[in-house]
Amino acid sequence: MRFFRDVSLSSATAGFVAVLVGFTSSIAIVFQAAQAFGATPAQITSWMWALGLGMGLSSAVPSLILRQPVMVAWSTPGAAVLATAGLAGGFGMGEAIGAFMACAALIILVGATGWFERVMNRIPMAIAAALLAGVLARFGLQAFGAAQTALSLVLLMLLAYLVGRRLLPRYAVVLTLAVGVLHAAFTGGLRTEGLSLELARPVFTAPVFSLQAMVSLALPLFVVTMASQNLPGVAAIRSAGYRMPISRIITLTGVVTLVLAPFGAFALNLSAITAAICMGEEAHADRHKRYTAAVACGLIYIGIGIFGATFTALLLAFPKELVMAIAGIALLGSIGGGLHTALADERHREAALVTFLVTLSGVVIAGVGSAFWGVVAGVLALFVQQYGLKQKTP
């Protein structure tokens, strides 16, 4: 099989780092969302089963078919919206499942019609690159912010990365992760007391459809998933130079969400942060073989789905500072590449800078995150500048 010929230690590590960063950075929010609807421990485990299986299959299978790194994740801002709206509205699990299915239907609609991809095709590459850089730069800042509580860990990992980039560039992230894990092990930072081998079991919940749940849960979940997740996800793909069938992939995420929603899959979407990890040079020197990183990531997600409690405990055993540091360091190349593309063309430079700063600010307006508003601000700035110039052209 071609995958086994193409896969490398660096790409497999990139897949693991992507899971480590994506999972540990937002799992608590997913737990809060489930608990907001009164989920039992068995239902929470079922959520992990559905999400892990959905993300894994939606990442691994298209990546193998297209030979490109297709990265799918759960909607972190969507989980935050659900956690807040669930508590405020007093919704039960049945109504939540109904809302998940309605959201999935809307995602299928925008994917099948090609509407979302047509909108993305009109956004200049400089704006898209600035959007991606703004999303990723927050993780870069957090990496060095972690030095306040774990100075030696962050410094050692940074030194390992720099030495690795000098001597073994393909394995710089592998070396960085190994140094971080060893430091955590020797300093007692690894929390392994909760590890136990346990299979996850899916729990079916019948959907309940209500107008209030559609308005309070389904629509906000759809909006933030498209604006705060799929938008930067497409930007990550375009910035990395890949040409994927965006509409078909988004349709696939909607179909998988619809099928797995009764078991707890609330919203699947294109990833930006973990995609950047698997699409960068650190994953593989040959860009045509970086799909193996996405496949490795997908296989690990499937493992999380099957052994939900075990993998959750394993990934949460790592210190949060280690996760923040490896995320920021692994994304340095993608951040630099995004900024270079965003600022290269002087005609688009200021608009791209506006996009970058608004996205980096983390501002949330009307429940919609900064990724969407960064694009809006950048496009408006570009329109004003170009419209004025065209008017003055003789």
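- Pro202 is not listed as a side-chain neighbour of Leu260, based on a closest heavy-atom distance of 4.5 Å or more.
- No more than 12 heavy atoms of other residues, nucleotides or ligands sit less than 6.0 Å from atom CZ of Arg201.
- The shortest side-chain heavy-atom distance between Thr274 and Cys297 does not fall under the 4.5 Å cut-off.
- Under the 4.5 Å side-chain heavy-atom criterion for ILVMFWY residues, a single connected hydrophobic cluster contains both Leu380 and Ile365.
- Cluster annotation: Leu162 is connected to Leu322 through the hydrophobic network of ILVMFWY side chains, with a link wherever side-chain heavy atoms come within less than 4.5 Å.
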Exercise for review: Take Thr149 and Glu321 through the test side chain to side chain donor-acceptor pair (under 3.5 Å) and record every step on the way to the result.
Suggested key: CA-CA 8 Å; Thr149 54; Glu321 291 87 356; 3.0 Å; yes

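- Gly111 and Ile250 make their closest contact through CA-CG2, 4.1 Å (heavy atoms, listed as atom of the first residue, atom of the second, distance).
- Residues Leu231 and Phe116 form a side-chain contact, since some pair of their non-hydrogen atoms from C-beta on lies under 4.5 Å apart.
- Between Ala39 and Met93, the shortest heavy-atom distance links the atoms CB-CE, 3.4 Å.
- The aromatic rings of Trp47 and Phe100 lie perpendicular to each other, with more than 60° between the two planes, well past the 30° mark.
- The aromatic rings of Phe23 and Trp74 are tilted relative to each other, their planes meeting at an angle between 30° and 60°.
- We find the CG-CD1 distance between Leu339 and Ile335 to be 7.5 Å, quoted to the nearest 0.5 Å.
- Each of Val163 and Ile329 belongs to its own hydrophobic cluster when Ile, Leu, Val, Met, Phe, Trp and Tyr are linked at side-chain heavy-atom distances under 4.5 angstrom.
- Cluster annotation: Val119 is connected to Val379 through the hydrophobic network of ILVMFWY side chains, with a link wherever side-chain heavy atoms come within less than 4.5 Å.
- Remark: Arg243 CZ is packed, more than 12 non-hydrogen atoms of other residues, nucleotides or ligands lying under 6.0 Å away.
- Under the 4.5 Å side-chain criterion, counting only non-hydrogen atoms from C-beta, Val363 is in contact with Ser370.
- More than 12 heavy atoms of other residues, nucleotides or ligands sit less than 6.0 Å from atom CZ of Arg349.
- When atom types are taken as modelled, the side chain of Ser63 and the backbone of Val70 share a donor-acceptor pair closer than 3.5 angstrom.
- Taking each heavy atom of Ala325 and Val154 in turn, the nearest pair found is CB-CG2, 4.4 Å.
- No side-chain donor-acceptor contact under 3.5 Å links Ser228 to the backbone of Ala371.
- Panel note: side chain Gln43, backbone Thr40; a donor-acceptor pair is recorded below 3.5 Å.
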Review point. Checking side chain to side chain contact (heavy atoms under 4.5 Å, CB included) for the pair Leu360/Arg138: CA distance, chi angles, key distance, verdict?
Key: CA-CA 6 Å; Leu360 181 60; Arg138 290 205 295 269; 3.6 Å; yes

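- Separating the OG atom in Ser8 from the CZ atom in Arg290 is a distance of 10.5 Å, to the nearest 0.5 Å.
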Exercise for review: Apply the test side chain to side chain contact (heavy atoms under 4.5 Å, CB included) to residues Val30 and Phe266: give CA-CA distance (whole Å), side-chain angles for both, the deciding distance (0.1 Å), then the verdict.
Suggested key: CA-CA 10 Å; Val30 175; Phe266 55 89; 4.0 Å; yes

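- A donor-acceptor pair under 3.5 Å is absent between the side-chain atoms of Arg2 and the main chain of Arg67, judged by distance alone.
- Looking at Tyr242, its side chain never comes within 3.5 Å of a backbone N or O of Ala236 through a donor-acceptor pair.
- A 6.0 Å sphere centred on CD of Glu117 holds more than 12 heavy atoms belonging to other residues, nucleotides or ligands.
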Practice item. Apply side chain to side chain contact (heavy atoms under 4.5 Å, CB included) to Val375 and Val358, showing your working. Key: CA-CA 8 Å; Val375 172; Val358 173; over 6 Å; no

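- Within the 4.5 Å cutoff, the side chain of Leu175 has no heavy atoms near those of the Tyr161 side chain.
- Under the 3.5 Å distance criterion, the side-chain polar atoms of Ser11 are left unmatched by any main-chain donor or acceptor of Val7.
- Hydrophobic clustering (ILVMFWY, side-chain heavy atoms < 4.5 Å, transitive): Phe209 and Ile107 are in one cluster.
- A distance-only check finds no donor-acceptor pair linking the side chain of Ser10 to the backbone of Tyr171 [under 3.5 Å].
- The shortest non-hydrogen separation linking Ile97 to Ala261 is CD1-O, 3.1 Å.
- Under the 4.5 Å side-chain criterion, counting only non-hydrogen atoms from C-beta, Val223 is not in contact with Phe372.
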Check your understanding: Going through the distances and angles, do Phe144 and Leu158 end up as a side chain to side chain contact (heavy atoms under 4.5 Å, CB included)?
Key -> CA-CA 9 Å; Phe144 295 103; Leu158 179 60; 3.9 Å; yes

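- Looking only at side-chain heavy atoms (C-beta outward), Met324 and Leu153 stay at 4.5 Å or farther from each other.
- Within the model, atoms OG1 of Thr13 and CD1 of Ile277 stand 12.0 Å from one another, a figure rounded to the nearest 0.5 Å.
- The two residues Thr225 and Leu268 come nearest to each other via the heavy atoms CG2-O, 4.5 Å.
- Within the 4.5 Å cutoff, the side chain of Leu190 has heavy atoms near those of the Pro319 side chain.
- Without hydrogens or angle criteria, Ser334 side chain to Ala276 main chain gives a donor-acceptor distance under 3.5 Å.
- Rounding to the nearest 0.5 Å places CD1 of Ile108 at 8.5 Å from OG1 of Thr253.
- The aromatic rings of Phe204 and Phe263 sit perpendicular to each other, their planes meeting at more than 60°, with 30° as the lower class boundary.
- One N or O on the side chain of Ser46 and one on the backbone of Val203 form a donor-acceptor pair closer than 3.5 Å.
- Across all their heavy atoms, Ser58 and Val256 have their closest contact at OG-CG2, 3.5 Å.
- One distance of note links CG of Leu331 with CD of Glu282; it measures 9.0 Å at 0.5 Å rounding.
- Rounded to the nearest 0.5 Å, atoms CG (Asn230) and CZ (Phe222) are 9.0 Å apart.
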